[in-house]
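What follows is a single structure, written as C-alpha cells, with notes after it.
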2 protein chains.
Amino acid sequence: MLPGPKLDRIDLKILAKLQQEGRITNVELADAVGLSPSPCLTRVKRLEKAGYITGYGAHVNLNKLGEFLTVFTEVTLSEHRRGDFSRFESRIVKIDEIVECHLVSGGYDYLLKFVARGVSHYQSIIEGMLESDYGIEKYFSYVVIKSPFIKHHFPIQNLFGQTHA
Amino acid sequence: MLPGPKLDRIDLKILAKLQQEGRITNVELADAVGLSPSPCLTRVKRLEKAGYITGYGAHVNLNKLGEFLTVFTEVTLSEHRRGDFSRFESRIVKIDEIVECHLVSGGYDYLLKFVARGVSHYQSIIEGMLESDYGIEKYFSYVVIKSPFIKHHFPIQNLFGQTHA
DNA sequence: CAGGGCGCAGCATTTTATGCCGCACCCCGT
DNA sequence: ACGGGGTGCGGCATAAAATGCTGCGCCCTG
C-alpha cells in the first residue's frame, strides 16, 4: 500500500505527469503511464472527482506582461480568539491581489503573497485592510526582487517510495 | 518588436481563462473569448511560443495524498558578492523539495518554499545545504500549519485596465 | 474449482485539433 | 479617393483525441 486509501503506483504517475504537463493528451498520458487510453481516462476522471486533482491552469509569465510587484507580507493578528482567524481569512480571500495565504508557526501568524500593479497599488490594498476591521495588529512587507524559480509542482516521486525504492 | 504592446484585449482574456481553466478545450475557449476556434488556437500557440504561457499543470491536492510538511524558509547568505547569489540559486534549484525561490528585499535574502515528507526529511535537506558550500549564513523556518487558500492565478483583469479601462 | 467483481484493451462514435482557403478590414502609398 | 499588400477572421476538410460500450482475463472469495 503506497499512499492513502486508493491510489496505486499508476495513479501517482498520472498525478506526477499531469502536474507537470497539464495539457498532455489522454493518449500520450496513457502511453506514459503504461495504460491504454480508456482506463487512463477513467482514472483521471476518478482522481478529479475524488478531489486529488482540483483543477488545471496555464502558467502565465507575469514578467512578460509588464512590470508588476510581488510582495510577501507577514501579518500578525491583534487577537487570537476563536473566529479571529476565520474572519480574517474569509475577508482576504476576496481580495484578488492576494494570491496565497498561509498560516504559519513562528514569529507571526500569516504569510500572504500579493501581486499588484506597483507599490501604490499594493499600499492602497494594505491601507484598506488596516482601515477596515481585519484584526491586523502589525505587518511587514518583503518585496520580491526576483524569483529565480517557481516550480509549479511538488516532488511526488520523492514524497513517496523514496524509502523503499 | 518590443515586448509590450503585443497583446490585445483578446489575448488577455485568453491568458486569464487559461490561467484558471488550463484544460479547457480550444472550442470552449474560442467561444469564451469571442472568436472562432481557428484564430483562437493560432493565438494560443503564439502566446506559448512567445513565452507568455510557459506551461500547463494540474493542481494536485497535497493534503489528500497524505500528511506532508510545507515550510517557508528565510535564508541569509554569508557573502553578497557577485556570484554568491547565482551559485546559491543554481544549487538549490536541483533540490526537488524546494519548489519556490524568491529573492526579496528586507531582513534576509531568500524566501524558499519546501515540501517534504516530514520534519526529519526537511531537516536532512537543510543539513545537507549547511554542510555543503551553499554560502548560507543563517536561516529561519516557518512551518505551514494550513494554507487557507492558494489561488493558482494572479488577477490579470486587475493588473490591467483598472487605470485606463 | 466455480462465481462474481474489477480493471484493462479494443472498437465505434462524437468531439476537438489543426491546417488550408478565401474574404473583409486596415494601413499606406500613389 | 483609389488600389495594393498584409493581417486576422470565419468556414471547411481531415487527422487526432475523447468518450462510451463490450468482452476478456485476473484475482478474490466461498
Side-chain angles (χ1 to χ4, degrees), chain A residues 1-61 64-66 153 156-157 160-161 164, chain B residues 1-61 64-65 153 156-157 160-161 164-165:
Chain A
M1 271 242 270
L2 281 166
K6 49 187 175 182
L7 294 188
D8 61 15
R9 200 150 326 204
I10 295 178
D11 288 317
L12 291 179
K13 288 175 71 174
I14 289 175
L15 290 177
K17 193 72 178 176
L18 281 178
Q19 226 192 174
Q20 300 185 55
E21 291 183 60
R23 217 172 156 93
I24 189 175
T25 67
N26 181 58
V27 172
E28 286 182 296
L29 178 62
D31 184 62
V33 303
L35 282 179
S36 65
S38 296
C40 183
L41 184 61
T42 302
R43 282 169 178 267
V44 172
K45 295 296 183 187
R46 178 167 55 79
L47 291 171
E48 291 172 351
K49 189 163 296 182
Y52 290 94
I53 296 174
T54 58
Y56 298 88
H59 305 314
V60 178
N61 190 340
K64 292 218 60 166
L65 294 182
H153 55 84
I156 289 183
Q157 301 303 339
F160 294 96
H164 53 50
Chain B
M1 314 323 164
L2 291 174
K6 287 185 62 181
L7 299 186
D8 61 17
R9 200 148 326 199
I10 296 179
D11 288 317
L12 291 178
K13 287 175 73 174
I14 289 175
L15 290 177
K17 194 71 179 178
L18 282 178
Q19 227 191 174
Q20 299 185 55
E21 290 183 62
R23 219 174 154 88
I24 189 176
T25 67
N26 181 58
V27 172
E28 285 182 296
L29 178 62
D31 184 63
V33 303
L35 280 181
S36 65
S38 296
C40 183
L41 184 61
T42 301
R43 281 169 180 265
V44 172
K45 295 297 182 187
R46 177 167 57 79
L47 291 171
E48 292 173 352
K49 189 163 295 183
Y52 289 95
I53 296 174
T54 57
Y56 299 87
H59 304 315
V60 177
N61 189 340
K64 292 219 59 167
L65 294 182
H153 57 269
I156 290 182
Q157 301 305 337
F160 293 94
H164 52 52

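Chain letters run A, B, ... following the sequence lines, proteins first and then strands; every chain starts at 1. Every value quoted in this text rests on a predicted model; they were computed, and no experiment measured them.
- When all heavy atoms of B:Q157 and B:L12 are compared, the pair lying nearest together is NE2-O, 4.5 Å.
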Working for salt bridge (charged side-chain N to carboxylate O under 4.0 Å, His left out), residues A:D11 and A:R46: CA-CA 10 Å; A:D11 288 317; A:R46 178 167 55 79; 3.2 Å; yes

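- A donor-acceptor contact under 3.5 angstrom links the side chains of B:E48 and B:Y56, judged on distance only.
- Taking 3.5 Å as the limit, the base of C:dG10 and the side chain of A:S36 contain no donor-acceptor pair of atoms between them.
- Of the possible polar contacts, none joining the B:N61 side chain to the A:I53 backbone as a donor-acceptor pair under 3.5 Å is found.
- Neither OP1 nor OP2 of C:dA17 sits under 4.0 Å from any side-chain N or O of B:K45.
- Using a distance-only test at 3.5 Å, with no hydrogens or angles considered, a donor-acceptor pair links the side chain of B:K64 to the main chain of A:A50.
- At a threshold of 4.0 angstrom between heavy atoms, the contacts of B:R43 are confined to the sugar-phosphate backbone, with no base atom among them.
- Within residues 18-33 of chain B, no residue is approached by DNA chain D to less than 4.0 Å at the level of any non-hydrogen atom.
- Regarding A:L7, its CG atom lies at a distance of 13 Å from the P atom of C:dG7, rounded to whole Å.
- Taking the 5' to 3' direction, DNA chain D first and last meets chain A under 4.0 angstrom from a heavy atom at D:dA17 to D:dG20.
- Using a 4.0 Å cut-off between charged nitrogen and carboxylate oxygen, A:D8 and A:R43 count as a salt-bridge pair.
- Other residues, nucleotides and ligands place no more than 12 heavy atoms under 6.0 Å from the CZ atom of B:R9.
- Remark: the backbone N or O of B:I24 is paired with a side-chain donor or acceptor of A:R23 at under 3.5 angstrom.
- In this structure, CG of B:L41 is placed 7 Å from P of C:dA17, rounded to the nearest angstrom.
- The CG atom of B:D8 sits 15 Å away from the P atom of C:dC26 (whole-angstrom rounding).
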